[in-house]
Amino acid sequence: MSVHELPILPGVERDAFRNAMACLGAAVNIITTDGPAGRAGFTASAVCSVTDTPPTLLVCLNRSASVWPIFRDNGYLCVNTLAAGHEDLSTLFGGKTPMAERFAAADWHTLASGSPLLDGALVSFDCKVAQVVSVGTHDILFCEVQALVRNDETHGLAWFDRGYHHLLRQDAR
Ligand SMILES: NC(=O)C1=CN([C@@H]2O[C@H](COP(=O)(O)OP(=O)(O)OC[C@H]3O[C@@H](n4cnc5c(N)ncnc54)[C@H](O)[C@@H]3O)[C@@H](O)[C@H]2O)C=CC1
Ligand SMILES: Cc1cc2nc3c(=O)[nH]c(=O)nc-3n(C[C@H](O)[C@H](O)[C@H](O)COP(=O)(O)O)c2cc1C
């Protein structure tokens with residue numbers, strides 16, 4: 001039986017789904033917020049572009065994460081896409097580390113929304129959360145982009161096969 005003839009299973013186990021998802025390379029981002037509910041940040045690979053009119057991206061956030069109520073209440077966030085060299089910072093924001101320790105590991109600045117922008121990020125999208133949809137364990141945050149900061153000097157970072165990989169710009173190869 002060739003691979004193409006394998007039967008489609010009626011249900012897919014969680015681990016089988018995760019093993020399959022590990023085959024999809026993705027950018028690594030630190031999502032931050034600051035406001036009346038406090039300051040928080042977490043690592044996310046579940047981020048993608050939705051529409052350019054109005055400029056909107058989505059972020060999937062597990063409702064069991066400690067940061068979830070803070071993002072729900074603040075209503076503003078920044079998507080900081082990580083650059084090559086940010087592996088340790090990504091791991092710090094992806095674990096159970098106290099929030100002050102996460103933010104102490106890098107330099108930040110703010111724009112109008114007050115969400116922390118990471119100095120040296122590949123790109124930062126300063127956003128207002130326009131809509132939230134719950135699916136299973138996660139909330140999908142639809143984020144309207146209000147300002148952008150790009151850093152065209154750095155290389156990219158990808159999460160693939162449960163590890164980090166550098167993405168070199170064309171002129172560096
Ligand atoms: N969307 C999410 O919530 C993601 C969560 N993670 C978390 O980071 C840690 C390390 O992840 P990996 O080393 O990549 O190994 P893993 O085996 O936990 O995950 C493999 C892949 O499955 C997907 N995935 C993992 N947990 C998920 C979830 N709860 N909901 C939807 N998709 C999920 C992601 O694409 C991930 O790269 C785990 O604790 C994982 O739960 C990682 C990536 C995405
Ligand atoms: C590479 C990587 C990607 C992740 N992507 C997501 C994601 O897209 N959505 C999510 O809810 N959690 C994701 N996580 C897990 C969160 O970063 C983690 O649960 C978060 O730091 C909250 O942890 P806390 O409950 O200790 O605050 C990811 C973790 C790693 C290491």
Side-chain angles (χ1 to χ4, degrees), residues 9 11-51 56-108 115-118 120-145 154-168:
L9 299 172
V12 173
E13 299 275 343
R14 193 189 78 155
D15 284 354
F17 175 70
R18 287 196 181 192
N19 289 338
M21 289 305 298
C23 301
L24 278 69
V28 195
N29 311 273
I30 292 178
I31 318 298
T32 57
T33 188
D34 200 356
R39 184 177 62 161
F42 72 103
T43 300
S45 57
V47 172
C48 88
S49 176
V50 176
T51 173
T56 304
L57 48 75
L58 67 76
V59 175
C60 298
L61 171 58
N62 198 318
R63 286 191 305 283
S64 70
S66 68
V67 297
W68 176 74
I70 303 174
F71 279 87
R72 178 198 56 195
D73 293 347
N74 279 346
Y76 289 86
L77 59 76
C78 181
V79 175
N80 296 284
T81 305
L82 298 184
H86 280 145
E87 291 89 329
D88 288 349
L89 197 61
S90 171
T91 302
L92 201 61
F93 276 80
K96 299 289 171 192
T97 315
M99 213 46 74
E101 210 176 303
R102 297 186 194 189
F103 281 96
D107 294 321
W108 309 87
S115 302
L117 273 72
L118 172 65
L122 195 59
V123 57
S124 293
F125 302 88
D126 205 23
C127 302
K128 177 180 169 55
V129 180
Q131 198 180 335
V132 180
V133 176
S134 295
V135 177
T137 53
H138 282 57
D139 274 0
I140 307 169
L141 313 179
F142 291 92
C143 308
E144 212 171 294
V145 181
T154 58
H155 299 293
L157 187 65
W159 183 249
F160 170 66
D161 196 23
R162 301 188 171 92
Y164 296 105
H165 301 265
H166 289 187
L167 299 174
L168 299 188

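The figures here come from the full heavy-atom set of this structure, side chains too, leaving out hydrogens, waters and symmetry mates. As the structure lists them, so they are numbered: ligands from 1, and atoms in each ligand from 1.
- Close N/O approach between Arg102 and ligand 2 is found [any backbone or side-chain N/O within under 3.5 Å].
- Within a 6.0 Å radius of CG in Asp73, other residues, nucleotides and ligands contribute more than 12 heavy atoms.
- In this structure, atom 39 (O) of ligand 1 has no protein heavy-atom contact shorter than 4.0 Å.
- Closest to atom 23 (O) of ligand 2 among all protein heavy atoms lies Gly95 O, 3.5 Å.
- The closest protein non-hydrogen atom to atom 32 (N) of ligand 1 is Phe17 CE2, 4.1 Å.
- A donor-acceptor pair is defined here as one N or O able to donate and one able to accept, closer than 3.5 Å; such a pair exists between the side chain of Arg63 and the backbone of Gly136.
- Within the set Ser66, Ala40, Ala158, Ser90, the minimum heavy-atom distance to atom 27 (O) of ligand 2 is found for Ser66.
- Scanning all heavy atoms of the two residues, the minimum distance from Ile31 to Phe71 falls at O-CZ, 3.4 Å.
- Taking atom 16 (P) of ligand 1 as the reference point, the nearest protein heavy-atom neighbour is Arg162 NE, 3.7 Å.
- In this structure, atom 10 (C) of ligand 1 has its sub-4.0 angstrom surroundings free of protein heavy atoms.
- Note: an N/O pair closer than 3.5 Å links His138 and ligand 1 by distance alone.
- Below 3.5 Å of separation, one finds no N or O of Tyr164 facing any N or O of ligand 2.
- Side chain of His86 to main chain of Leu157: no donor-acceptor pair is present (N/O by atom type, distance under 3.5 Å, no hydrogens or angles).
- Remark: the backbone N or O of Pro116 is paired with a side-chain donor or acceptor of Thr32 at under 3.5 angstrom.
- Close approach of ligand 2 to Leu61 is summarised as follows: ligand atoms under 4.0 Å from at least one heavy atom of the residue are 11 (O).
- Taking every heavy atom of Lys96 and a limit of under 4.0 angstrom, the matching atoms of ligand 2 come to 25 (O), 26 (O).
- For the atom pair CD1 (Ile30) and CG (Leu92), the distance works out to 8.0 Å, reported to the nearest 0.5 Å.
- Side-chain atoms of Thr154 do not come within 3.5 Å of backbone N or O of Leu122 as any donor-acceptor pair.
- You'll find the side chain of Leu58 stays beyond 4.5 Å of the side chain of Thr56, heavy atoms only.
- Nearest non-hydrogen protein atom to atom 21 (O) of ligand 2 is Phe93 O, 2.7 Å.
- Among all protein heavy atoms, the one lying closest to atom 18 (C) of ligand 2 is Gly94 O, 3.7 Å.
- What sits closest to atom 5 (N) of ligand 2 on the protein, heavy atoms only, is Ser45 N, 3.0 Å.
- Residue, atom and distance of the protein heavy atom nearest to atom 20 (C) of ligand 2 are Phe42 CB, 3.7 Å.
- Annotation: Trp159 places no N or O atom under 3.5 Å from an N or O atom of ligand 2; distance criterion only.
- Of the possible polar contacts, one joining the Asn62 side chain to the Ser64 backbone as a donor-acceptor pair under 3.5 Å is found.
- In terms of modelled atom types and a separation under 3.5 Å, the side chain of Thr97 and the main chain of Phe93 share no donor-acceptor contact.
- Not a single donor-acceptor pair under 3.5 Å links the side chain of Glu101 to the backbone N or O of Met99.
- For atom 11 (O) of ligand 2, the candidate residues are Thr43, Leu92, Asn62, Asp139; the nearest heavy-atom contact is made by Asn62.
- Near Ser45, the atoms of ligand 1 lying under 4.0 angstrom from a non-hydrogen atom of the residue are 43 (C), 44 (C).
- Protein heavy atom nearest atom 41 (O) of ligand 1, with residue, atom name and distance: Arg18 NH1, 3.5 Å.
- Ligand 2 has no N or O atom lying under 3.5 Å from any N or O atom of Gly41, backbone or side chain.
- From the protein, the heavy atom lying nearest to atom 22 (C) of ligand 2 is Ala65 CB, 3.8 Å.
- Test Val133, Asp139, Thr137 against Val135 for side chain to side chain contact (heavy atoms under 4.5 Å, CB included) and you get one pass: Val133.
- Within the 4.0 Å cut-off (strictly below), a protein heavy atom is located near atom 25 (C) of ligand 1.
- For atom 23 (C) of ligand 1, the closest non-hydrogen atom on the protein side is Met21 CB, 3.8 Å.
- Considering backbone and side-chain atoms together, Ala46 places an N or O closer than 3.5 Å to an N or O of ligand 2.
- Under a 4.0 Å criterion applied to the non-hydrogen atoms of Trp159, ligand 1 contributes the atoms 12 (P), 13 (O), 14 (O), 37 (O).
- Residue-to-ligand polar distances place Cys60 within reach of ligand 2: an N/O pair is separated by less than 3.5 Å.
- Protein heavy atoms all stay at least 4.0 Å away from atom 6 (N) of ligand 1.
- Protein heavy atoms come within 4.0 Å of atom 44 (C) of ligand 1.
- One finds the OG atom of Ser115 at 12.0 Å from the CZ atom of Arg39 (value rounded to the nearest 0.5 Å).
- One N or O on the side chain of Asn80 and one on the backbone of Leu118 form a donor-acceptor pair closer than 3.5 Å.
- Residues Cys48 and Leu57 have side chains not in contact (no heavy-atom distance under 4.5 Å, counting atoms from C-beta outward).
- Within a 4.0 Å radius of atom 36 (C) of ligand 1, the protein contributes no non-hydrogen atoms.
- Judged purely by atom type and a 3.5 angstrom limit, Thr33 uses its side chain to pair as donor or acceptor with the backbone of Tyr76.
- The line from CZ of Arg162 to CE of Met21 is 11.0 Å long, rounded to the nearest 0.5 Å.
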